[in-house]
Asks: 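The structure's right below; bear with me while I get my questions together.
All heavy atoms count here, side chains included; hydrogens, waters and symmetry mates do not. Each ligand, and each atom within it, is numbered from 1 in the order the structure gives.
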Amino acid sequence: MKIRTLVTSMVLALTLLLFAQQRQPQSSPFAAVHAVVDLTHTLNAQVPTFALSQEPLYQATTVATIDKNTYFARNISLPEHFGTHIDAPAHFARGLWTVDQIPPERLIAPLVVLDVSANAKNHADYQISVADIARWEQANGQIPPGAVVMARTGWDARWNSVTDFRNADAKGVMHFPGYSLDAAKFLVEGRAIFGLGIDTLSIDYGPSPDFPVHHYTLAHSVYQVENVANLDRVPAHGAIAVVAPMKLEGGSGSPVRIFALLQ
Ligand SMILES: [Zn+2]
């Protein structure tokens with residue numbers, strides 16, 4: 001009798017163990033994610049900015065300390081378009097989504113990384129072309145609808161120097177790579193992307209006087225992310241981008257935290 005009980009218990013234990021092992025991969029939707037890469041630069045007063053300002057644009061003031069108040073807290077002040085950030089369609093297109101209105105299902109999307117760093121290396125004013133996209137598709141297949149496309153120009157390596165990142169000439173005109181209008185049109189109309197990103201200060205290349213890519217892309221309700229970090233650490237395709245801006249009511253944009261989920 002005792003042996004029967006023992007055998008029954010062992011069978012039960014073994015069944016539970018096997019069941020648990022079988023169930024485990026399905027129990028978490030993130031079981032397929034084997035790494036997370038942070039595509040965000042850290043926010044501080046040294047962040048390079050598109051416009052120069054006499055006043056410090058970023059301020060963090062300590063308002064409570066553990067010694068004095070038993071807790072630590074700061075007040076912060078910074079522009080909506082600062083560091084790694086998102087441009088909501090309302091940034092250039094009146095009446096379109098403000099940052100709080102971008103549907104969340106557009107902010108979690110397949111990540112496509114266009115590596116144009118070889119082209120941009122000796123050509124600061126490089127504009128990403130339709131041919132660059134065609135090359136990517138020859139190697140990786142067609143860009144899926146609803147993707148977030150991010151260009152890796154290599155500019156990330158300059159982040160710790162405001163002078164090198166802005167790369168302004170004697171007249172104050174900046175020189176850094178961006179998208180050509182044709183490339184943006186192809187991605188928005190031909191590939192139905194949700195978001196367009198880059199590792200420089202702007203989707204439009206540095207010397208652009210009138211920001212045609214901003215006007216076009218945002219008018220088509222496609223959001224933009226700028227100053228993206230660490231694109232050298234993610235594959236050309238296969239990752240999922242999680243683009244998480246602050247939900248600022250009526251905001252034109254926001255600093256954003258971007259994660260790449262590697263599967
Ligand atoms: Zn912006």
Asks: Side chain to side chain contact (heavy atoms under 4.5 Å, CB included) with Ile133: which of Val149, Leu114, Val112, Val116?
Replies: Leu114
Asks: Just wondering, do Val243 and Ile102 contact through their side chains at under 4.5 Å, heavy atoms?
Replies: no
Asks: Do Gln224 and Tyr179 make a side-chain contact, defined as non-hydrogen atoms from C-beta onward lying under 4.5 Å apart?
Replies: no
Asks: In this structure, is the centre-to-centre distance between the rings of Tyr216 and His220 below 6.0 Å?
Replies: yes
Asks: Could you go step by step and tell me if Asp100 and Thr98 meet the side chain to side chain donor-acceptor pair (under 3.5 Å) rule?
Replies: CA-CA 6 Å; Asp100 52 317; Thr98 49; 2.7 Å; yes
Asks: Indicate whether any N or O donor in one side chain lies under 3.5 Å from an N or O acceptor in the other, for Asp199 and Thr153.
Replies: yes
Asks: Tell me how many protein N, O or S atoms are within a distance shorter than 2.8 Å of the Zn ion (ligand 1).
Replies: 4
